[in-house]
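A note on names: the letters A, B, ... follow the listed sequences, proteins ahead of strands, and every chain is numbered from 1. Hydrogens, waters and symmetry mates play no part in the numbers below; they use all other heavy atoms, side chains included.
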Protein chains: 2
Amino acid sequence: MEKEEYTNLSERKKRILISAVEDYIQQASPITSSAVQNKFEEKISTATLRNELNALEAMGFLRQIHTSGGRVPTSKGYRFYVNSMMGDIPLDKKALADIQTLFNNRTVYLGDIINEIASVVSKATNYPSVVMLHGFEKLVIKNIKIIPLLTGQALILIETNSGVINNTMDIKSTVVMQTFTDASNFLTQTFANQTIASMIKNMNEYKQSMKKELLEYKEIFDALLKAFTGLIEALENNSKIISSGELKLLENPEYTENPEKAKKILNVMHNSEEMSQALKHEVDEKSVRFKIGSEIPVEDLQECAIATTDYEVDGESIASVGIIGPQRMDYAKIASALKFVVGEFQNMKTLQNNVNTDEKNDND
Amino acid sequence: MEKEEYTNLSERKKRILISAVEDYIQQASPITSSAVQNKFEEKISTATLRNELNALEAMGFLRQIHTSGGRVPTSKGYRFYVNSMMGDIPLDKKALADIQTLFNNRTVYLGDIINEIASVVSKATNYPSVVMLHGFEKLVIKNIKIIPLLTGQALILIETNSGVINNTMDIKSTVVMQTFTDASNFLTQTFANQTIASMIKNMNEYKQSMKKELLEYKEIFDALLKAFTGLIEALENNSKIISSGELKLLENPEYTENPEKAKKILNVMHNSEEMSQALKHEVDEKSVRFKIGSEIPVEDLQECAIATTDYEVDGESIASVGIIGPQRMDYAKIASALKFVVGEFQNMKTLQNNVNTDEKNDND
DNA sequence: TATTAGCAGTCTTACCAAACGAGTGCTAAC
DNA sequence: GTTAGCACTCGTTTGGTAAGACTGCTAATA
């Protein structure tokens, strides 16, 4: 349907529309016929441009706020611009080099990695970023270690194919050290190369059919199970949104002039229900996807645009990574930055996993 | 000097000033003679109040923006109010109960604890919070564990008297498992009950004088030393500010009407040099300290007020915890919330440390 | 001497009208 | 199909006025 409408557009109309949208993205003030004239490569009068802009408005790509005030792109206008740009993503070497300085690749914990993704994405795009972990259970377990602390707690470390997950459990002081080592080995042997989801599913079964000599692990199993179901519940309920750079919204005139709008958006950003709606997308081939204005199924974001991509590990999507900004955003730059940053994180993980992925388990 | 000036104030002037400041804190609009009249317990005419307010203005406690527009407290006015209030901090049971729901006491890592303090303080006070770690090296080491991961890195876990510090180091794949266990035990035996500072100082010496049979630890020592000096440098340079709830600034009319001001403040909040200046204070007995307006030695914060307190472990101040807001803030409520929240964190730590602090080291 | 009523003076805010100007739509000519 | 030119629209700025909120001051009062 979109495609058909676009065929109505003459080549020149297309170029004019692109010029117009680009002008608005840069200037943040309504597009006038003379502004387009300055930007446009061919010699063409403002009167002709007015005719063309008028036609584009009639087709729904542009919109006038008031008669004498220039035009502004509609969501449809931005959508056309984005579709026409998506082929050639500019990879500005200088910019990529700048982004590279933002990385800190000493993180091993999944939580830290997610935070770091959010932080780097926001810095690289200059917009608030959001990361939602949705594929936590799909992570593949590589190694499990239970490490007792002096405080009466124990640290549960689960190495996965995407970083280390950690949680704590309370322990009885009667449990002796050897038990933890044995339990770690047993857990690793039992669950290695399973997903978190299947570990949780199987753990109950194992516990039932447990032989006598392993009964001492029961306490640990129980605590572990509790810790993990708790973690997953927490992720599914509230805390699964990680965001960064909220303040960058205030760098854009549309929000400094109207802080109420910014507040609304930032509120939605912390509502996991709505953000989940906003970030959701059909499976398709594109690595970076845009939702523009009315395309976003969340009331308070319909004046915004959202760019999203997936953080994938071993081909599985673990998290959605996105940024939120005004519709007037630099789509090309954002697409390339987002793609690059998330790609780098994926590469980092892949490299690390290859280091000694086939080394045998060594918990003792 | 302050005290002397205050003695010039009649009892009634003091009460009027307190009424006036309170009114402004609640209403956020200039104090008028009739507003004070409504608030004031005694029957007193607006004309008399005008005389009194005029006198208070002459003494520098209040200030008029323009002739016909009511008055606003000066920094000195707020200071008087704060000093006169500091005796009786109200402990609203309901509010404290609300705050208590914000705690999540399953954190074991120092970094997470610091983040959590920032987060809870901000939620409890409704202002942006800042935590600066300044006493990292004063932490006392309890236990050291080096845990190899499958990715060719090793996790360094240092249990201290205030949570676990973690860092990573790269390892050669030739190092065998037993070495890590032995090294952990050796490190713990060597450095337990020393501070981080003295560990770093002594580590080099130990390395020099190391016996032959311990030479295999050298690699680990080197990596460890590198990891730790790196961590400390990072803390001392840039990343030592943890903040939370920046957006809450926009809930106050002084900043929604003037987002530029908010941006300025938020910028300063991420400048460790300036924040360090702003949070610094003389050693004194007070648990919560206020700096008001001109008392803050940072240009861009001179329209603000800052409340700070120390996060202490075993009597040593580890971090400064503070909030930033307009001078028109609810000082009493903030003092009690800040004191309560940080106090709870301190208690939590103390309890945990007491659980099995005298249990012997158990790394194998 | 302290308090108060009353009033004049000051300054802000709201409102309105006029002038301005940026930008459009339309028409007529090319 | 393109363009120059002009009338028109509508937001923005400016200036000027009226209303309202407070204050400072003065003079009367207890």
Is the phosphate of [N] approached by [X] (side-chain N or O, under 4.0 Å from OP1 or OP2)?
| X | N | result |
| --- | --- | --- |
| Arg50(B) | dA5(C) | no |
| Ser68(B) | dT23(D) | no |
| Gln64(B) | dC22(D) | no |
| Arg71(A) | dG25(C) | yes |
| Ser33(B) | dT23(D) | yes |
| Thr48(A) | dT3(D) | yes |

Counting C-beta onward and ignoring hydrogens, is there a side-chain heavy-atom pair between Arg71(A) and Asn54(A) closer than 4.5 Å?
yes
Side-chain touch Lys14(A)/Ser84(A), heavy atoms, less than 4.5 angstrom
no
Can the positive tip of Lys248(B) be found less than 6.0 Å from the middle of the six-membered ring of Tyr127(B), inside 45° of the ring normal?
no
Which of dC22(D), dT4(C), dT3(C) is nearest the side chain of Arg12(B)? It is dT3(C)
I want to verify a distance call: between dG24(D), dG25(C), dT3(D), whose nearest atom is closest to the Glu57(A) side chain?
dG25(C)
Base, sugar-phosphate, or nothing: which does Gly69(B) touch, judged by heavy atoms less than 4.0 Å apart?
nothing
Could you check whether Ile31(A) gets within reach of a base, just the sugar-phosphate, or nothing at all, counting any heavy atom under 4.0 Å?
sugar-phosphate
What is the distance, to the nearest angstrom, from the [atom1] atom on [X] to the [atom2] atom on [N]?
| X | N | atom1 | atom2 | result |
| --- | --- | --- | --- | --- |
| Glu257(A) | dT12(D) | CD | C1' | 15 Å |
| Asn38(B) | dC22(D) | CG | P | 11 Å |
| Leu49(A) | dA4(D) | CG | P | 12 Å |
| Ile16(A) | dG1(D) | CD1 | C1' | 13 Å |
| Ile44(B) | dT3(C) | CD1 | C1' | 9 Å |
| Asn54(A) | dG23(C) | CG | P | 16 Å |

Quick one: on DNA chain C, does Asn51(A) or His66(B) contact a more 5' nucleotide (nearest heavy atom)?
His66(B)
Between Gln27(B) and Lys39(B), do the side chains contain a donor N or O and an acceptor N or O under 3.5 Å apart?
no
In terms of side-chain heavy atoms, does Gln327(B) have a donor or acceptor partner in Ser75(B) at a distance below 3.5 Å?
yes
